[in-house]
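Read the structure below first, then the notes.
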Number of protein chains: 2
Amino acid sequence: MKLEKAAAQLEALGNPTRLQLYRILVRAGDGGLAVGSVQGKLDIPSSTLSHHLKRLVDTGLVTQERQATTLICRANYPGMNALIGYLADECCADATCAPAVGKALA
Amino acid sequence: MKLEKAAAQLEALGNPTRLQLYRILVRAGDGGLAVGSVQGKLDIPSSTLSHHLKRLVDTGLVTQERQATTLICRANYPGMNALIGYLADECCADATCAPAVGKALA
DNA sequence: ACGCTATTTCCATATTTTTCGAAATTGTGT
DNA sequence: ACACAATTTCGAAAAATATGGAAATAGCGT
């Protein structure tokens with residue numbers, strides 16, 4: 001993973017509304033959630049939600065799939081794993097936390 | 001960890017310059033690095049560096065300690081571990097990646 | 001084709017971030 | 001007290017982000 005991409009993903013998650021949005025999608029599980037359903041849970045205008053969603057999709061943290069008129073959104077676990085892996089690598093250049101996190105993402 | 005704090009830390013890391021800065025501190029290890037030394041490696045004005053550093057310190061990702069006239073900066077591993085733990089928890093509400101990451105931060 | 005719902009794009013505005021030169025501050029040694 | 005080095009604060013400009021109303025688009029059922 002390149003530093004620029006990691007930074008873009010971190011920035012995407014570094015907004016309370018988007019982090020909440022991502023959380024909602026994660027908790028929705030494999031079934032995902034329609035944009036409209038997410039909007040109901042977040043209670044923000046659709047245009048605002050669309051902007052935030054686009055950011056998460058563009059950075060590879062969320063995927064979308066059409067089902068009739070609704071758009072199903074899903075958290076992209078491999079994308080998040082790659083990001084966590086990058087952070088762990090950066091963090092664990094030192095031994096302090098290497099034993100703990102190193103195993104996980106090997 | 002609260003969502004707001006996680007978002008603040010993610011946003012702090014979500015800037016290429018700051019992520020690079022954090023990387024440098026991680027690679028410097030326990031000894032840390034003086035602000036001036038970091039500046040030499042990043043080649044940015046001291047005032048700009050100071051702002052970025054402050055952001056990392058304020059969000060709990062970096063610590064500072066005075067040694068004579070120089071300020072030693074260190075990556076705060078527990079802070080990063082807490083953040084990774086939060087991300088892993090969010091990510092692993094689903095089973096897809098729970099087995100792998102769950103063990104690491106238990 | 002039409003009507004309906006779901007979602008995005010367009011547009012504008014308020015806010016925040018980024019950047020950095022210049023001045024101020026802090027701490028040490030003499 | 002003074003000089004010097006290291007770092008921060010001040011102040012200000014440019015750029016990016018966040019937000020949302022209104023209009024446009026996409027896709028399905030009839």
Side-chain angles (χ1 to χ4, degrees), chain A residues 3-25 28 31-76, chain B residues 3-25 28 31-76:
Chain A
L3 183 137
E4 290 285 347
K5 181 174 181 183
Q9 291 186 327
L10 289 165
E11 192 193 29
L13 292 172
N15 171 284
T17 302
R18 282 195 299 266
L19 188 52
Q20 214 175 329
L21 165 51
Y22 183 80
R23 247 170 78 106
I24 288 172
L25 292 182
L33 222 52
V35 174
S37 304
V38 176
Q39 194 191 348
K41 293 187 183 249
L42 280 178
D43 195 33
I44 57 176
S46 52
S47 64
T48 302
L49 174 57
S50 188
H51 283 307
H52 286 312
L53 257 175
K54 180 169 166 35
R55 190 80 158 261
L56 290 172
V57 171
D58 285 349
T59 53
L61 290 166
V62 165
T63 62
Q64 290 181 322
E65 178 197 353
R66 277 224 103 89
Q67 279 187 8
T69 48
T70 70
L71 241 192
I72 303 297
C73 307
R74 291 192 183 83
N76 182 30
Chain B
L3 183 137
E4 290 286 345
K5 181 176 181 183
Q9 291 186 328
L10 289 166
E11 193 193 27
L13 291 172
N15 171 285
T17 303
R18 281 195 299 268
L19 188 51
Q20 214 175 330
L21 165 52
Y22 183 79
R23 248 170 77 105
I24 287 172
L25 293 181
L33 221 52
V35 175
S37 304
V38 176
Q39 194 191 350
K41 291 186 185 253
L42 280 178
D43 195 33
I44 57 176
S46 51
S47 63
T48 301
L49 174 58
S50 188
H51 282 302
H52 285 313
L53 258 174
K54 179 169 165 36
R55 190 81 158 264
L56 290 173
V57 170
D58 284 350
T59 53
L61 290 166
V62 165
T63 61
Q64 290 181 323
E65 178 198 352
R66 277 225 104 88
Q67 279 187 10
T69 49
T70 71
L71 241 192
I72 302 297
C73 307
R74 290 190 183 84
N76 182 30

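Within every chain, numbering begins at 1; the chains are lettered A, B, ... in the order of the sequence lines, protein sequences first and strands thereafter.
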Fill in the blank from the handout: Walking DNA chain D from its 5' end, the first of A/A68 and A/S46 to be reached, judged by nearest nucleotide, is A/S46
Completion exercise
Quick note, A/P45 side chain, CB onward, closest among C/dG27, C/dT18, D/dG20 is D/dG20
Handout entry: Side-chain (B/Q39) to main-chain (B/I44) donor-acceptor, under 3.5 angstrom
Key = yes
Handout entry: Distance in angstrom units between A/L21 CG and D/dA18 P, rounded
Key = 12 Å
Practice task
Identify whether any heavy atom of B/T70 sits under 4.0 Å from a base atom; if not, whether one sits that close to sugar-phosphate; answer base, sugar-phosphate or nothing.
Solution key: sugar-phosphate
Exercise for the section: Give the rounded distance in Å between these two atoms: CG of A/L49 and P of C/dA6. Expected result: 14 Å
Problem - Test item: A/S50 side-chain N/O and A/S46 main-chain N/O as donor-acceptor pair under 3.5 Å - result: no
Problem - Under 4.0 angstrom between A/T48 side-chain N/O and D/dG20 OP1 or OP2 - result: yes
Exercise for the section: Enumerate the residues from residues 51-66 of chain B whose closest heavy atom to DNA chain D is under 4.0 Å, giving them by residue number; use none for an empty result. Expected result: B/H51, B/Q64
Fill in the blank from the handout: Looking only at heavy atoms, the pair that brings B/L3 and A/L19 closest together is O-CD2, 3.7 Å
Practice task
Write down the distance between CG (A/L13) and P (D/dA18), rounded to a whole number of angstrom.
Solution key: 12 Å
Problem - Taking every non-hydrogen atom, the tightest pair across B/R18 and B/A12 - result: NE-O, 2.6 Å
Exercise for the section: Map A/T17 and A/T69 onto DNA chain D by nearest heavy atom, then report which one ends up closer to the 5' terminus. Expected result: A/T17
Handout entry: Distance in angstrom units between B/Q67 CD and C/dG29 P, rounded
Key = 13 Å
Exercise for the section: Mind calculating the distance between CG (B/L71) and C1' (C/dT28) to the nearest angstrom? Expected result: 14 Å
Practice task
Compare side-chain N and O positions of B/N15 against OP1 and OP2 of C/dT18 and report whether any pair is under 4.0 Å apart.
Solution key: yes
Handout entry: Polar side-chain atom of A/Q9 near backbone of A/T59 as donor-acceptor pair, under 3.5 Å
Key = yes
Practice task
Specify the separation, in whole Å, of atom CG of A/L10 and atom P of C/dT17.
Solution key: 16 Å
Handout entry: Phosphate contact (D/dT8 OP1 or OP2) by B/S50 side-chain N/O below 4.0 Å
Key = yes
Exercise for the section: Report yes if some heavy atom in the side chain of A/L49 is under 4.5 Å from a heavy atom in the side chain of A/L21; otherwise report no. Expected result: yes
Fill in the blank from the handout: Taken to the nearest whole Å, CD/A/Q39 to C1'/D/dG20 is 11 Å
Exercise for the section: Give one of base, sugar-phosphate or nothing for A/E11, where a contact means two heavy atoms less than 4.0 Å apart. Expected result: sugar-phosphate
Problem - Distance (rounded to the nearest 0.5 Å) between A/L53 CG and A/L61 CG - result: 11.5 Å
